[in-house]
A.B. asks: 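Take this structure, written in C-alpha cells, and hold onto it; I'll ask about it next.
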Amino acid sequence: KIIGGDEFYEKVFGIYPQIISCKKEMMWMVWDIFKRRFSKNANLNKLIITYVPNRVELLGKHTDYQGGETFLLTGPRNFFAISAVSGDGLTELVNAEPEYGETIFIIRENGEVDVKREGEGSTYAITVAKRLSSNLRQVGLDPPKNIKSVFIGDIPFGGGTSGSSAKVIMDFLALAGANGLLEDRDFKNLIIENGRKAGIKLGQEGIDDFTLCLSMYLAHYENGLNFGDLKGDRGVGTFGGSEDHTAIFLGNQDKLLYCRYCSTEVLEQVDGWEEYIVVVGYSGKKAEKTKNALEKYNRLSIDAARAVKALNEVNKTNYLMLRDFYMDIPLEKRAEKAYEQLKSRDERLARRAYQFFKECYLTYRAVESVKCKDAEEYGKIINLSHDLSRDYLENIVPEIDFLKGSAFGLGAMGATGFGAGFGGSCYALIEKSRAEKFIEEWKDVYLKKYPEYSDIAQFDIYPPCRGCFWLQTYY
C-alpha cells in the first residue's frame, strides 16, 4: 500500500508524474529483492523504509566550513532502502543494482566490525557501523544489532550533488532505524544533548531539534571530529562543512533553505520560484574525492584556515573563522577589505578570503532576488558566482565552464557550477514551460563537445523536494 500508491511519492517529490513513475520502479525493485533474499532471515514484523535525497548548492561555494551562508535546494535524486534486524547475526547491505555488489560484515558484541565482503561504497557503511557502535558503547549501551538491507540510488556519484553524504546518511538510518534508535527517547536525547554541547542553536523556528542535531552528528561521521562528548574517528577524510547534511535532512517541498554554519542555523525557508525551475546537468566528469582530488578539495579548506590566521595577525584579533571578521563594515565591502589586507603577505590567501566574502554577499543578494521574484537578477548573480569560483578557487573544470556558457547561450536566466568543484555538475534556471526543450538542447550541445560522456552525462529538472525521512511498517 505504501510503495504502490502515489501519495507517498507526491509528499516527497510533488506532482511530477515522470519522477514518480521512476521512483516507483526503484522502490519495487528494492522490495522484490528484499523479499527474495531475506524473507527467512530478517524480522519482517518491523521493516524500516528510508528515503534520503541529494542537494543542489544554489549559492555559497566553499563558505560553510568557515561559518558562512549557503542557499540550498533539496533535490529529487535519492536513495531508498528497506531494512530489518538480521535473524542470523550477519549484516548484509545489498545494492539492488547487482553490478555494484554488496557489503557484508558482523557487528560483534564488543563493538568491533568484522568485514567479510566489500561492495561499492562499503567504506561509508563500515565507517557508520564502527562509529555508531563506538558511541553507543561509550555511553554504556549495546552496539546495534546486525541488519539486512536492500537499497538503490539514482544520485550520480561524483556529480557534486552530495551522493557520498547521502550514502553515509542512508547507511546510518538503515542501521539505526532497524534497531529502533530513531524513535528511542534516550537516543534522541543523547543526540540533542551532545548537539547542545557542540554549540548547535536549539529551538529554531520550524526546525525539529532532533533532526537538526542528527544532521550535524552525521556530518561528524564524515570529518571524523567529536560531536559534543561523542568521540570521533578518522571519518571518510573530508574537511568540509555541514551544508549537505542540512539540505538532506531539513529540506521541504517547494522551499529553499538559506543557512549559516558553525553552528548550523536555518536563517530562512524561502518559497521557490513559481514560473521557473532548476535544471541540473551532470557533466560526467566525476568530482570524486580520490587522493588527488581530495588534496585539491582540502587545499581550499586549509587555505581558508590559513587566511584566518593571517587576518588575525594583521588585525591583532583572535577570531576562529573568516565569518567573524569585518562585522562593523557593510557586507558588500568585506571582500575588498580582506584582499587589501592580505595581498602583500600572501596573494593566494588574499584571493581565498576575497572569494569567501564575495560569495557570502552574492548569496545574500540571491536570496533577496528570489523573495522579490526577480529571476533576471538571480541569473546575473549566479553567473557572477560561477566566474568567481573559476577565477579564485580554480575548481571549475572545462566541462563545467562549457555547461555554464552553453546554458546561458540557450536562453537560461543564468547558470553556475556548484559543489566542491573539480568536476561534477552545473545548474541553470529556466522557465518551466521551456524546461523539457531546454534539456534536450543543452544535452545535445554538450555531448557534441564532449561525446566521451554520452553514456553517463545526465540532465534533469530539480524541483525543491522534501528532506529525508523514515517510516516503520511490516509485511
A.B. asks: Identify the two heavy atoms, one from C360 and one from L331, that lie closest to each other, and give their separation to 0.1 Å.
C.D. replies: O-CD2, 4.2 Å
A.B. asks: side-chain hydrogen bond (donor to acceptor under 3.5 Å, both in side chains) for Y339 and E347? Distances and angles first, verdict last.
C.D. replies: CA-CA 8 Å; Y339 185 80; E347 175 71 15; 2.8 Å; yes
A.B. asks: Under 6.0 Å from the NZ atom of K46, do we count more than 12 heavy atoms belonging to anything else shown?
C.D. replies: yes
A.B. asks: Taking L181 as the fixed residue, which of L136, L175, L190 is the one that meets the side chain to side chain contact (heavy atoms under 4.5 Å, CB included) rule?
C.D. replies: L136
A.B. asks: Kindly say whether I381 contributes a backbone atom to a donor-acceptor pair with the side chain of S385 at under 3.5 angstrom?
C.D. replies: no
A.B. asks: Is it the case that atom NZ in K337 sees more than 12 heavy atoms from other parts of the structure closer than 6.0 Å?
C.D. replies: no
A.B. asks: Given T473, which partner from the list L44, I49, N45, I3 fulfils the side chain to side chain contact (heavy atoms under 4.5 Å, CB included) test?
C.D. replies: I49
A.B. asks: Any donor-acceptor pair under 3.5 Å linking the side chain of R55 with the backbone of A247?
C.D. replies: no
A.B. asks: With ring pair (Phe, Tyr, Trp, His ring centres under 6.0 Å) as the test, pick out the partner of Y51 among F249, Y9, F13.
C.D. replies: F13
A.B. asks: Are K231 and S134 linked by a side-chain donor-acceptor pair shorter than 3.5 Å?
C.D. replies: no
A.B. asks: Do S86 and E92 get their side chains close enough for a donor-acceptor pair, meaning under 3.5 Å?
C.D. replies: no
A.B. asks: Compare every heavy atom of A96 with every heavy atom of V30, then report the nearest pair and how far apart it is.
C.D. replies: CG2-CB, 4.4 Å
A.B. asks: Counting only heavy atoms not in Y462, do more than 12 sit closer than 6.0 Å to its OH atom?
C.D. replies: yes
A.B. asks: Report yes if some heavy atom in the side chain of I400 is under 4.5 Å from a heavy atom in the side chain of H386; otherwise report no.
C.D. replies: yes
A.B. asks: Does A366 offer a backbone N or O that forms a donor-acceptor pair with the side chain of S369 under 3.5 Å?
C.D. replies: yes
A.B. asks: Please check if the side chain of S162 supplies one atom and the backbone of N54 the other of a donor-acceptor pair under 3.5 Å.
C.D. replies: no
A.B. asks: Between the side chains of N315 and Q341, does any donor sit under 3.5 Å from an acceptor?
C.D. replies: yes
A.B. asks: For L93, does its backbone N or O pair with a side-chain atom of S149 as donor and acceptor, under 3.5 Å?
C.D. replies: no
A.B. asks: Measure up the F34 and W31 rings against each other and bin them: parallel (under 30°), tilted (30 to 60°), perpendicular (over 60°).
C.D. replies: parallel
A.B. asks: Please give me the minimum heavy-atom distance between I396 and D401, naming the atom from each residue.
C.D. replies: CG2-N, 3.8 Å
A.B. asks: Please evaluate residues L393 and H62 with respect to the criterion side chain to side chain contact (heavy atoms under 4.5 Å, CB included), reporting the C-alpha separation (whole Å), side-chain torsions for both, the decisive distance (0.1 Å), and the verdict.
C.D. replies: CA-CA 9 Å; L393 297 181; H62 285 273; 3.8 Å; yes
A.B. asks: Please assess V280 against F418 for the test side chain to side chain contact (heavy atoms under 4.5 Å, CB included), listing each intermediate value before the final yes or no.
C.D. replies: CA-CA 10 Å; V280 172; F418 63 91; 4.1 Å; yes
A.B. asks: Is there a side-chain contact between F325 and R334 (heavy atoms, below 4.5 Å)?
C.D. replies: no
A.B. asks: To check you understand the geometry: which heavy-atom pair defines the closest contact between P464 and K255, and what is its length?
C.D. replies: CB-O, 3.5 Å
A.B. asks: According to the interplanar angle, ranging from 0 to 90°, do the rings of F210 and W470 count as parallel (below 30°), tilted (30 to 60°) or perpendicular (above 60°)?
C.D. replies: perpendicular
A.B. asks: Look only at the side chain of D64 and the backbone of R260, and say whether a donor-acceptor pair between them is shorter than 3.5 Å.
C.D. replies: no
A.B. asks: After noting the C-alpha distance and the side-chain angles of L58 and V278, does the key distance pass the side chain to side chain contact (heavy atoms under 4.5 Å, CB included) rule?
C.D. replies: CA-CA 9 Å; L58 298 173; V278 167; 4.1 Å; yes
A.B. asks: Any donor and acceptor pair, going by atom type alone, linking the side chain of T161 with main-chain N or O of V56 inside 3.5 Å?
C.D. replies: no
A.B. asks: Give the intermediate values and the outcome of salt bridge (Lys or Arg N to Asp or Glu O under 4.0 Å) for residues K333 and E336.
C.D. replies: CA-CA 6 Å; K333 295 183 178 181; E336 287 76 11; over 6 Å; no
A.B. asks: Apply salt bridge (Lys or Arg N to Asp or Glu O under 4.0 Å) to the pair R365 and E332, showing each step before the final yes or no.
C.D. replies: CA-CA 10 Å; R365 285 179 54 197; E332 64 270 22; over 6 Å; no
A.B. asks: Kindly indicate, with the supporting measurements, whether the criterion side chain to side chain contact (heavy atoms under 4.5 Å, CB included) is fulfilled by V52 and I248.
C.D. replies: CA-CA 7 Å; V52 180; I248 289 170; 3.6 Å; yes
A.B. asks: Decide yes or no for Y427 and L73: does some side-chain heavy atom of the first lie under 4.5 Å from some side-chain heavy atom of the second?
C.D. replies: no
A.B. asks: Sub-3.5 Å donor-acceptor pair from the side chain of R131 to the main-chain atoms of H220, do we have one?
C.D. replies: yes
A.B. asks: If only atom types and distance count, is the side chain of N189 paired as donor or acceptor with the main-chain N or O of D186 below 3.5 Å?
C.D. replies: no
A.B. asks: Relative to F151, does K167 satisfy both conditions: NZ or CZ under 6.0 angstrom from the six-membered ring centre, and within 45 degrees of the ring's axis?
C.D. replies: yes
A.B. asks: Please check if atom CD in E99 has more than 12 non-hydrogen atoms from other residues, nucleotides or ligands closer than 6.0 Å.
C.D. replies: yes
A.B. asks: Indicate the atoms forming the closest heavy-atom contact of P53 with T74, along with that distance.
C.D. replies: CG-CG2, 3.5 Å
A.B. asks: Taking the side chain from N146 and the backbone from I107, do they hold a donor-acceptor pair closer than 3.5 Å?
C.D. replies: yes
A.B. asks: So which heavy atom on T363 is nearest to which on G60, and how close?
C.D. replies: OG1-N, 3.4 Å
A.B. asks: Set out, in order, the CA-CA distance, both residues' side-chain angles and the distance that settles salt bridge (Lys or Arg N to Asp or Glu O under 4.0 Å) for R37 and E102, then state yes or no.
C.D. replies: CA-CA 12 Å; R37 285 287 301 267; E102 55 191 70; 3.2 Å; yes
A.B. asks: For the residue pair H245 and T264, establish whether any side-chain heavy-atom pair is separated by less than 4.5 Å.
C.D. replies: no
A.B. asks: State, without any angle test, whether E359 and Y354 hold a side-chain donor-acceptor pair at a distance under 3.5 Å.
C.D. replies: no
A.B. asks: Taking atom CZ of R117 as the centre, does the number of heavy atoms from other residues, nucleotides or ligands within less than 6.0 Å exceed 12?
C.D. replies: no
A.B. asks: Please determine, by modelled atom types, if Y221 and N135 share a side-chain donor-acceptor pair under 3.5 angstrom.
C.D. replies: no
A.B. asks: Please determine if D303 and R351 form a salt bridge, counting it only when a charged side-chain N lies under 4.0 Å from a carboxylate O.
C.D. replies: no
A.B. asks: Looking at K130, I'd like to know if its NZ atom is crowded, meaning that more than 12 non-hydrogen atoms belonging to other residues, nucleotides or ligands lie closer than 6.0 Å.
C.D. replies: no
A.B. asks: Have Y261 and T70 got a donor and an acceptor in their side chains that come within less than 3.5 Å?
C.D. replies: yes
A.B. asks: Applying salt bridge (Lys or Arg N to Asp or Glu O under 4.0 Å) to K404 and D387, what does each step give before you reach the verdict?
C.D. replies: CA-CA 10 Å; K404 182 259 186 183; D387 295 346; 3.6 Å; yes
